[in-house]
There are 2 protein chains.
Amino acid sequence: MKSPLNTLSLKSLEAFRAIIETDSATAAAKSLGITQPGVSRLLASFEEHVGFALFYREKGRLFPTEEALALYKEVELTLQGAERIALLAKNIFNSDLGWLKIVAPNSFIAGPLADVVTDFLRLHPKVKISLDTHTPAAARELVAHRSVDCGFIQLPENHPGLLVEPVLSGITVCALSPQHPLASQDQISIHDLRNEPLILLGKGRYSRTQINSLFGQANISMQIKLETHTVAIACSFAKRNLGIAIVNEMLAGQYAADDLVLIPLVPALTYEYGFITSSHAPMNRLTTAFFKHCLQSFTGAQ
Amino acid sequence: MKSPLNTLSLKSLEAFRAIIETDSATAAAKSLGITQPGVSRLLASFEEHVGFALFYREKGRLFPTEEALALYKEVELTLQGAERIALLAKNIFNSDLGWLKIVAPNSFIAGPLADVVTDFLRLHPKVKISLDTHTPAAARELVAHRSVDCGFIQLPENHPGLLVEPVLSGITVCALSPQHPLASQDQISIHDLRNEPLILLGKGRYSRTQINSLFGQANISMQIKLETHTVAIACSFAKRNLGIAIVNEMLAGQYAADDLVLIPLVPALTYEYGFITSSHAPMNRLTTAFFKHCLQSFTGAQ
DNA sequence: ATCACCTTATAACATATTGTTATTGAGTTA
DNA sequence: TAACTCAATAACAATATGTTATAAGGTGAT
């Protein structure tokens with residue numbers, strides 16, 4: 001015998017417990033959903049394992065010995081432990097448990113992610129989520145090093161430690177006050193923007209580069225009135241007619257209202273966001289469930 | 001599935017724990033004393049039971065998922081529980097554990113039982129014993145009703161609720177002071193006791209009846225000087241030369257010394273003591289162990 | 001590149017465990 | 001006595017668990 005558990009089995013323990021609790025092998029069999037001879041033999045094998053009789057047989061019935069009653073407590077505890085394992089496994093299987101850490105741009109959280117996360121938490125009531133915002137560079141590292149479970153980031157993205165799944169794309173729009181002369185057009189061309197005061201954001205980022213090169217190719221100089229870092233701020237100044245903000249429609253959508261109109265820019269400039277996880281280990285179940293939920297929400301609701 | 005434990009087995013749990021702890025299926029196999037394919041399959045069956053992967057396979061090796069680490073704690077606790085069962089069973093098997101309740105006459109405890117109990121406690125260090133004295137009638141009932149585990153009682157005994165095993169017999173002796181004229185004889189006949197002041201005990205008990213009928217048959221009247229209830233008291237008066245005490249040698253042996261001699265009475269009158277337990281249920285292991293120990297001590301040492 | 005040496009997984013098979021049904025024997029009850 | 005209940009056992013089927021042999025992939029040293 002290498003280990004004291006070699007011949008011990010959970011079934012024997014269950015049978016033993018059931019006999020103690022029902023005072024009969026026949027009743028135990030019923031409660032376990034097996035037949036009486038099965039219970040008799042499971043008991044015999046447990047008795048053989050411990051090396052002494054657990055019940056004395058009298059008048060064709062079973063009566064627990066003192067030893068059996070002494071063992072019963074421990075057996076009960078162990079079986080409860082085993083049941084906890086099964087329950088925990090079930091919760092994990094249903095992704096009903098855990099702490100999901102997500103990193104995403106602030107405006108992405110306030111915009112497309114808000115409803116998705118809300119729904120996900122409703123579907124998995126015991127799950128906790130932490131949502132943080134960092135610079136794209138920091139976000140990449142946090143995800144790659146698995147300090148967080150997943151993130152959303154603007155594409156393209158080719159960090160070697162990341163797995164990237166495109167999840168959402170949107171167009172670039174001009175956000176402007178209804179009072180603005182261009183506000184009645186159903187699209188705004190790049191040429192319309194010549195000499196218009198602009199509100200731009202994301203200096204140094206890919207999307208900004210795209211805009212820059214668009215103007216460059218059309219040989220139009222940009223009249224930058226204000227540079228900022230968030231879509232919310234850009235929109236709030238556009239609303240005050242300080243100029244025209246060039247923003248991601250997906251993120252600006254939440255600010256469109258009576259005092260702010262969004263008009264597509266031509267030529268179209270698409271933004272694409274990706275779901276990122278570490279390539280060093282596969283997604284855990286909760287992250288996988290969240291990813292699927294995102295795909296469904298984004299493609300279904302789009 | 002009637003129960004969540006249906007396909008769960010301790011072996012799977014052990015394999016899972018061993019893999020987590022050794023970081024490899026090969027090492028786990030070694031630590032479990034089985035082969036690596038066996039471990040692989042036990043793991044596969046556990047993964048099938050929980051319904052999701054517990055390790056991800058990369059570069060031909062196993063790496064635990066977050067889910068596996070979450071389960072590990074519970075698994076560890078449950079296996080420790082199972083090991084406690086095995087340990088407890090072993091202790092019970094060795095009769096190393098428990099509380100043994102014994103009832104016996106006071107002089108029997110102080111006499112033959114003293115060394116036996118001492119030895120037994122040395123052999124089973126974790127065992128606790130309670131030793132009580134009651135009237136024979138009370139002792140019978142206590143044992144029969146299983147308020148105590150066993151007892152010693154003078155035979156014959158035919159209470160229907162008792163199992164009786166004779167364990168010890170001894171002869172009747174006269175206890176007297178060395179100054180007494182009869183003290184130099186190597187035996188004392190019943191006729192020698194005519195007109196001798198006697199110290200007798202156990203009025204109404206079987207052994208006293210025996211003595212009475214012995215004198216009756218020899219047509220000798222008894223000169224009873226003192227009646228008492230314990231051998232110790234009878235001997236202490238005999239020591240003071242108040243008279244001759246007629247006592248059980250087995251019980252009086254402990255008082256024999258320079259100032260008290262024990263001389264066999266003829267015709268011989270034997271005392272017999274029995275070990276009694278309840279006939280309503282078999283002896284538990286500890287009681288059985290104690291009984292065997294008594295038999296060995298009494299027959300071996302006699 | 002090739003070789004030796006790791007790893008894990010799988011196939012094929014032997015044995016043990018765990019379930020089944022049918023039956024027996026013992027005890028209780030009408 | 002007949003009808004019932006309970007536990008044990010035999011005989012068998014299915015499953016679990018072990019084995020050995022082998023495959024497939026990664027690592028590291030020639």
Side-chain angles (χ1 to χ4, degrees), chain A residues 1-50 53-65 68 79 82 279-282, chain B residues 1-50 53-65 68 79 82 279-282:
Chain A
M1 268 212 219
K2 293 275 177 178
S3 132
L5 305 183
N6 261 359
T7 62
L8 189 58
S9 90
L10 284 179
K11 312 211 187 210
S12 302
L13 298 185
E14 281 190 292
F16 170 70
R17 172 174 66 172
I19 296 174
I20 293 266
E21 287 176 355
T22 63
D23 279 329
S24 126
T26 306
K30 198 168 295 177
S31 92
L32 293 172
I34 62 177
T35 56
Q36 169 266 319
V39 171
S40 278
R41 210 173 32 182
L42 284 173
L43 171 61
S45 90
F46 188 37
E47 285 184 321
E48 189 183 6
H49 177 264
V50 299
L54 294 166
F55 294 83
Y56 53 97
R57 281 74 171 168
E58 216 172 73
K59 304 179 185 177
R61 312 213 42 163
L62 294 173
F63 298 91
T65 61
L79 286 176
S279 61
H280 299 315
Chain B
M1 268 213 217
K2 294 276 177 180
S3 136
L5 304 183
N6 261 358
T7 62
L8 189 58
S9 90
L10 284 178
K11 312 210 187 212
S12 301
L13 298 185
E14 282 189 292
F16 170 70
R17 173 175 66 173
I19 297 173
I20 293 266
E21 286 175 355
T22 63
D23 279 328
S24 126
T26 306
K30 198 168 295 176
S31 91
L32 292 173
I34 62 176
T35 56
Q36 169 268 319
V39 170
S40 278
R41 209 170 35 177
L42 283 173
L43 171 60
S45 89
F46 188 37
E47 285 184 321
E48 188 183 6
H49 177 263
V50 299
L54 293 166
F55 294 83
Y56 52 97
R57 282 73 171 168
E58 215 171 72
K59 303 179 186 177
R61 314 213 42 165
L62 295 173
F63 298 91
T65 62
L79 287 176
S279 61
H280 300 314

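Chain letters run A, B, ... following the sequence lines, proteins first and then strands; every chain starts at 1. Computed from a predicted model, the values in this text were never measured in an experiment.
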Rounded off to whole Å, could you give me the [atom1]-to-[atom2] distance for the [X] and [N] pair?
X: A:Phe63; N: D:dA8; atom1: CZ; atom2: C1'; value: 16 Å
X: B:Leu8; N: C:dT17; atom1: CG; atom2: C1'; value: 16 Å
X: B:Phe46; N: D:dT15; atom1: CZ; atom2: C1'; value: 19 Å
X: B:His49; N: D:dT17; atom1: NE2; atom2: P; value: 11 Å

Of the nucleotides D:dC12, D:dT17, D:dG26, which has the atom closest to the B:Lys59 side chain?
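Among the listed nucleotides, the one closest to the side chain of B:Lys59 is D:dG26.
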Might you confirm whether atom CD of B:Glu21 has over 12 heavy atoms from other residues, nucleotides or ligands at distances under 6.0 Å?
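Yes.
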A:Ser12 or A:Pro37, whichever maps to the more 5' nucleotide of DNA chain C:
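Of the two residues, A:Ser12 wins.
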B:Gln36 vs A:Gly60, nearer the 5' end of DNA chain C by closest nucleotide:
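On the 5' side of the pair lies B:Gln36.
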When you check the phosphate oxygens OP1 and OP2 of [N], does a side-chain N or O of [X] lie under 4.0 Å from one of them?
X: B:Thr26; N: C:dT8; answer: yes
X: B:Arg57; N: C:dA9; answer: yes
X: B:Ser24; N: C:dT7; answer: no
X: A:Ser45; N: C:dT17; answer: no
X: B:Thr35; N: D:dT19; answer: yes
X: B:Arg61; N: C:dC6; answer: no

